[in-house]
Amino acid sequence: MNQLEALLRDAFGEERFTMTVHEIEARAHKARRRRTVMLAAAGSLAVAMIVIYVVVPWGQAKPPVTWPMPSVTATQSARNLSRVNECREQLIKDGQSSLQNVQSVELIDNGEAAYIFSDGNARYVCRFTDRGFTTSSAEPHLVTPLSRTIPEYVVESGGDRGLIVGPVPYGMRRIDYFNETGTIQLASNGTIFYGLVPASEDFLGVKAIADEVFTARAVLTQDGSATTRVAQQSACRAAQTRMPIPGTELTLLDSREADNQTSVLLLAGTGGLLAVCKVFNGVAKMQVELTVANHPIYESLLERKDTTSPVHRAVALVQRFRGDAGKGRVVLSNGQKVPLIFANGYAIAWFDRPEGVEADHIEVDMSSGGHADYPLPLRG
Amino acid sequence: MDGFVEFYLATRDAAFRAVLAAGGSRAFAEDAVAEAYARACARWSVVGAHPDPFAWVMRTAFNWQRSWWRRTRLESLGVAVPEKASEPEAVNTKLRELVRRLPRRQRDVVALRLIADLSAEQTGEILGISAATVHVHLHRALSTLRKQIQPLEVP
């Protein structure tokens, strides 16, 4: 042993592992109850293809799908159902009593398969290999739906390859796994992404790429009225359940009365979601119109047309800015500028626009001296 | 569970040092080692009969740590996990830092070959590479460390 090797050993030589035998045995006892359930090896399936099989749709989220959806044979379906039941039984044994939905992804490549369950909050994953299956859990994440690095979860790696699997953030077209040597585009069935990735490479992250922004709308009509903000928020939440948006909770940022029958609530959710909820209280019925987007919303609130002066009241709701956002403005197509109001970290503008004039873009000045421009979708 | 207690007490420190040397935080190293021994304990009738139970534990700990690294890096991308410098000695601290900066495969080889004192064959089996490749990685790692450690003027 040379001197450097001795120095290296000395550098770690003082480290002691202090867990007692009793503690290890206690952990082993716990592990026995939760540990891997071994399956009989089903034989090596060397078919290098990927098959997706969705048992029950997970929520209603349907982001734009650009990936192919392979067909499923009856044999694969039967195997999936058998495995799903097996996973469910194990998760229930582990204490997960309120499992709701399950999605499965079968990667027919050395027998790899993954099944994802949800109990409404956490998600649980069963990973099958030819050696058996393991279960793990992960908190769901909704990410800012623009091209950026996102937090997600993976199932533990085994051997040379790891399985990465997670929910597709709403509005995403593509999910990439990337490491020091390159990028791997992960497969998806539209609601979850997955892939077998090298376990031996340094993992750098997962990137979600939005090829386009999205806007979702829902209109809900029901008996009665909602005159308080609390009741109106509740009505907006009811409308939210009608749209294909993950269950993010929208919180109130600001609100106004557009007229004596219409209230407008501006809301924001996790992952950069913004929403405008219009609650119209009629004589015996109310109508709720909810718009949710992953980009700044420019929304017409009211259009009163009388013979002399039509009024188009509009709102621009801007995504949360960094802390150094100083002030900003909405620039209209006629050059008029409407100051932005910064509230709770979001920028909002309420304004009446002249006939034939549209909001063009948003300018935000940074305290550091720079400024950013955000285009607004044209809406009448 | 004949023999597990003796096995655990005799090998746990070496396992911990190796996993710690392989990188990641102290907390994850502790968790990986605890998980590996807990699994060994739970299946001691099988693991105890394994030709090399220590190599089995090291493989399990490394796999577990890799798994946790991945999850953690996913959950905290861009956030460095600070490592406590527990030794007062500057040389030791510096050496550990230099090891931490090695490419992962070289770091693994240093951890298993030198810190855990496994053979090249055992190391290669755990890492899924040949013994010859283990030698190559170790040679490169030591060369790098030797160059970088010169400024420390270690005798």
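Below, chain A is the first sequence line, B the second, and so on; all start at residue 1.
Only the side chain of A/L4 comes within less than 4.5 Å of a heavy atom of chain B; its backbone N, CA, C and O stay farther away. B/Y37 touches chain A through backbone and side chain together, each having a heavy atom under 4.5 Å away. Contacts of B/L9 with chain A are made by side-chain atoms alone, with heavy-atom separations under 4.5 Å and no backbone atom involved.
The greatest number of non-hydrogen atom pairs below 4.5 Å with chain B, out of A/I24, A/L8, A/T20, is found for A/I24.
Remark: side-chain polar atoms of B/R107 are paired, donor with acceptor, to backbone N or O of B/A22 under 3.5 angstrom.
For residues 118-145 of chain B, the set of pairs meeting the salt bridge (Lys or Arg N to Asp or Glu O under 4.0 Å) definition, not counting sequence neighbours, comprises B/R59-B/E125.
With values rounded to the nearest 0.5 angstrom, B/D117 atom CG is found 11.5 Å from B/R17 atom CZ.
For B/S130, the side chain to side chain donor-acceptor pair (under 3.5 Å) criterion is met by B/T133, not counting sequence neighbours.
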